[in-house]
A.B. asks: 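Structure below; questions to follow.
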Amino acid sequence: MTHQVIDCLVNVHFGEAEAQPSWMLKVRDDYFKGPESMFAPVELAELLAEMDAHGVAQAILMDSLVNPSTTARKFVEAQPDRFALAMGGVNLLRPVRPLRELSAIVKELPVAYAVVGPSFWGDGQYPPSDAVYYPLYAKCAELDLPLCVNTGIPGPPIPGEVQHPMHLDRVCVRFPELKLCMIHGADPWWDVAIRLMLKYANLRLMTSAWSPKRLPESLLHYMRTRGRDKVIYASDWPVLRMRRVIPEALALDLPADALDNYLYNNAREFFFS
């Protein structure tokens, strides 16, 4: 059986930097045991070939207001039917100007979602329940733009407590209109993430940067039962290659309809409807 796929987190910008920060090198070498080629420049034909080989109809490419990715925007311009952008880099301490920029970019380019990683800015001092995020939440709700927030202990050696999914409890109460997605899993707080998704209609979870064969049974049970519309596939390519994770996803113990939802339907409904 052929399953269509949307890959909701793909990095094509790594090769644009002359050098990677030390924490990125640690992620590659110590956490994922990745190859040197992880940070190499990406060719459009190379990415499309891997997508086509594994049934990936669309991919969402990481971009940033602070460091715009020329590669991501070039790929979107060349293949607007295959690619959209995920926009990060909002300065939450001085939010007015960057949120104006975000609004303008959403009007000009196909932006599937905005993204923020609580451990990766402000020295990990601000959990998502902090009011410093509120302008971003209000703007995303106003634009009907989904927002993805890193949850779970991060791979780099940086503070992780701010990425506990429980911080999103107050966010979902105060911003019920906001379409919110936890990304990079929620390890080791999977059960908290599941409980929050049961509680809030607009909350999702993306398994980016997770090998599907490593997903916990509690999450798979949820995907088979009450969470069929809640969990979204992504690779975090090239950290994890599609050629590795999609076959692993196809081998999961999921009914065909639940697998279709995980690989394609849930992303289509949440990010593109």
A.B. asks: Starting at CD1 of I105, measure out to CG of L143 and round the result to the nearest 0.5 Å.
C.D. replies: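 The CD1 atom of I105 sits 11.5 Å away from the CG atom of L143.
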A.B. asks: Quick one: does any side-chain atom of K230 pair with a main-chain N or O of M197 as donor and acceptor, under 3.5 Å?
C.D. replies: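 Here the side-chain-to-backbone pair exists.
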A.B. asks: Does G55 offer a backbone N or O that forms a donor-acceptor pair with the side chain of Q4 under 3.5 Å?
C.D. replies: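 No.
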A.B. asks: Which word best sums up how the rings of Y133 and Y137 line up, parallel for under 30°, tilted for 30 to 60°, or perpendicular for over 60°?
C.D. replies: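 Taking Y137 first and then Y133, their aromatic rings lie parallel (interplane angle under 30°).
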A.B. asks: With a 4.5 Å heavy-atom cut-off, do P238 and N11 have their side chains touching?
C.D. replies: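 The answer is yes, as the side chains (C-beta and beyond) meet within the 4.5 Å cut-off.
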A.B. asks: Let's go through S208 and H184 carefully: what are the C-alpha distance in whole Å and the side-chain angles of both, what is the deciding distance for side-chain hydrogen bond (donor to acceptor under 3.5 Å, both in side chains) to 0.1 Å, and is it a yes or a no?
C.D. replies: CA-CA 5 Å; S208 47; H184 293 345; 2.8 Å; yes
A.B. asks: Under a 4.5 Å side-chain heavy-atom rule over Ile, Leu, Val, Met, Phe, Trp and Tyr, are M206 and L145 clustered together?
C.D. replies: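 Shared cluster, no.
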A.B. asks: When you compare the side chain of R224 with that of P255, does any pair of heavy atoms fall below 4.5 Å?
C.D. replies: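 Result yes, sub-4.5 Å side-chain heavy-atom pair found.
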A.B. asks: Please round to the nearest 0.5 Å and tell me the distance separating atom CG of N202 and atom SG of C181.
C.D. replies: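 That separation rounds to 11.5 Å.
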A.B. asks: Quick one: pull up OG in S211 and CG in L215 and give me the separation to the nearest 0.5 Å.
C.D. replies: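 Taking OG in S211 and CG in L215, the distance rounds to 7.5 Å.
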A.B. asks: Given L136, which of L147, L178, V149 fulfils the side chain to side chain contact (heavy atoms under 4.5 Å, CB included) condition?
C.D. replies: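 When L147, L178, V149 are each tested with L136, the side chain to side chain contact (heavy atoms under 4.5 Å, CB included) holds only for L147.
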A.B. asks: Donor-acceptor pair, D63 side chain versus M87 backbone, under 3.5 Å?
C.D. replies: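 Flag not set: sc D63 to bb M87 has no pair under 3.5 Å.
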A.B. asks: Just verifying a value: how many Å separate N91 CG and R97 CZ, rounded to the nearest 0.5 Å?
C.D. replies: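 If we round to the nearest 0.5 Å, N91:CG and R97:CZ are 11.0 Å apart.
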A.B. asks: Can you check whether L65's main-chain N or O pairs, donor with acceptor, with E101's side chain at less than 3.5 Å?
C.D. replies: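 Answer holds: no.
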A.B. asks: Count the heavy atoms belonging to other residues, nucleotides or ligands that lie under 6.0 Å from CD of E217, then report whether that count exceeds 12.
C.D. replies: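 Correct, the count exceeds 12.
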A.B. asks: Drop me the distance from H54's NE2 to L250's CG, to the nearest 0.5 angstrom.
C.D. replies: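 Spacing of NE2 (H54) from CG (L250) equals 10.0 Å.
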A.B. asks: Going from CZ on R73 to CG on L85, what distance comes out if it is rounded to the nearest 0.5 angstrom?
C.D. replies: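 Here the interatomic distance stands at 6.5 Å.
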A.B. asks: Would the distance check show the side chain of D7 and the main-chain N or O of S235 forming a donor-acceptor pair, the cut-off being under 3.5 Å?
C.D. replies: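 Such a contact is found between D7 side chain and S235 backbone.
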A.B. asks: Is the backbone N or O of G152 less than 3.5 Å from a side-chain atom of Q163, with the two atoms forming a donor-acceptor pair by type?
C.D. replies: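 Side chain of Q163 to backbone of G152, a donor-acceptor pair under 3.5 Å: yes, one is there.
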A.B. asks: Are any side-chain N or O atoms of R204 and backbone N or O atoms of A201, one a donor and one an acceptor, separated by less than 3.5 Å?
C.D. replies: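 Here the side-chain-to-backbone pair exists.
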A.B. asks: Consider only side-chain heavy atoms of I, L, V, M, F, W and Y, link residues closer than 4.5 Å, and tell whether V162 and V116 are in one cluster.
C.D. replies: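 No, it is not one cluster - the side chains of V162 and V116 are not joined through contacts under 4.5 Å.
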A.B. asks: Just wondering, do D123 and P159 contact through their side chains at under 4.5 Å, heavy atoms?
C.D. replies: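 No. Closest side-chain heavy atoms not under 4.5 Å.
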A.B. asks: Please test D169 against K199 for salt bridge (charged side-chain N to carboxylate O under 4.0 Å, His left out), starting from the C-alpha separation and ending with a verdict.
C.D. replies: CA-CA 9 Å; D169 188 44; K199 186 177 178 183; 2.9 Å; yes
A.B. asks: Report the C-alpha distance between F14 and V42 in whole Å, list the side-chain angles of each, state the deciding distance to 0.1 Å, and finish with yes or no for side-chain contact (heavy atoms from CB on, under 4.5 Å).
C.D. replies: CA-CA 8 Å; F14 288 160; V42 179; over 6 Å; no
A.B. asks: Do the non-hydrogen side-chain atoms of S119 and N150 ever get within less than 4.5 Å of each other?
C.D. replies: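 Result no, sub-4.5 Å side-chain heavy-atom pair not found.
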A.B. asks: For the backbone of V132 and the side chain of D130, can you confirm whether one donor and one acceptor N or O come within less than 3.5 Å of each other?
C.D. replies: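 Between the backbone of V132 and the side chain of D130 there is a qualifying donor-acceptor contact (under 3.5 Å).
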A.B. asks: Is a donor on one side and an acceptor on the other found under 3.5 Å between the side chain of R82 and the backbone of V56?
C.D. replies: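 Judged by distance alone, yes, a pair lies under 3.5 Å.
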A.B. asks: Return a table of donor-acceptor pairs under 3.5 angstrom between the side chains of residues 261-273 and protein atoms on other chains or two or more places apart.
C.D. replies:
residue	atom	partner	partner atom	Å
N261	OD1	N265	ND2	3.0
N261	ND2	R228	O	3.2
Y262	OH	T207	OG1	2.7
N266	ND2	R228	O	3.0
N266	ND2	V231	O	2.9
N266	ND2	N261	O	3.3
R268	NH2	Q58	OE1	2.1
S273	OG	E269	O	2.3

A.B. asks: I'd like to check L203 versus K179 (side-chain heavy atoms, cut-off strictly below 4.5 Å). Are they in contact?
C.D. replies: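 No, side chains not in contact.
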A.B. asks: Please verify the inter-ring angle class for F75 with F83; under 30° counts as parallel, over 60° as perpendicular, anything in between as tilted.
C.D. replies: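 The rings of F75 and F83 sit tilted, inter-plane angle from 30° to 60°.
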A.B. asks: By side-chain hydrogen bond (donor to acceptor under 3.5 Å, both in side chains), which residues pair with D191, not counting sequence neighbours?
C.D. replies: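 Partners of D191 under the side-chain hydrogen bond (donor to acceptor under 3.5 Å, both in side chains) test: S218.
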A.B. asks: For the pair L180 and L168, evaluate side-chain contact (heavy atoms from CB on, under 4.5 Å) and give the outcome as yes or no after the intermediate values.
C.D. replies: CA-CA 9 Å; L180 193 63; L168 298 177; 4.0 Å; yes
A.B. asks: Using the side-chain contact (heavy atoms from CB on, under 4.5 Å) rule, take L196 and C172 through it: C-alpha gap first, then chi angles, then the decisive distance, then the call.
C.D. replies: CA-CA 9 Å; L196 290 172; C172 292; over 6 Å; no
A.B. asks: Do N67 and H13 pass the side-chain contact (heavy atoms from CB on, under 4.5 Å) test, and can you show the C-alpha distance, the side-chain angles, and the key distance before you say yes or no?
C.D. replies: CA-CA 10 Å; N67 297 302; H13 61 283; over 6 Å; no
A.B. asks: Indicate, with yes or no, if the rings of Y126 and W121 have centres closer together than 6.0 Å.
C.D. replies: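 Ring-ring flag for Y126/W121: true, centres closer than 6.0 Å.
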A.B. asks: Between L252 and L220, is any pair of side-chain heavy atoms under 4.5 Å apart?
C.D. replies: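 L252 reaches L220 side chain to side chain.
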A.B. asks: How about P176 and Y200: do any of their side-chain heavy atoms sit closer than 4.5 Å?
C.D. replies: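 P176 does not reach Y200 side chain to side chain.
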A.B. asks: If we ignore hydrogens and angles and just use 3.5 Å, is the side chain of W189 paired with the main-chain N or O of M166 as donor and acceptor?
C.D. replies: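 Pair absent, no side-chain N/O of W189 close to backbone of M166.
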A.B. asks: Do C8 and Y233 have side chains that approach each other closer than 4.5 Å (heavy atoms only, starting at C-beta)?
C.D. replies: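 The answer is no; the side chains never approach within 4.5 Å.
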A.B. asks: Checking salt bridge (charged side-chain N to carboxylate O under 4.0 Å, His left out) for the pair E46/R241: CA distance, chi angles, key distance, verdict?
C.D. replies: CA-CA 12 Å; E46 170 199 3; R241 292 276 178 171; 3.5 Å; yes
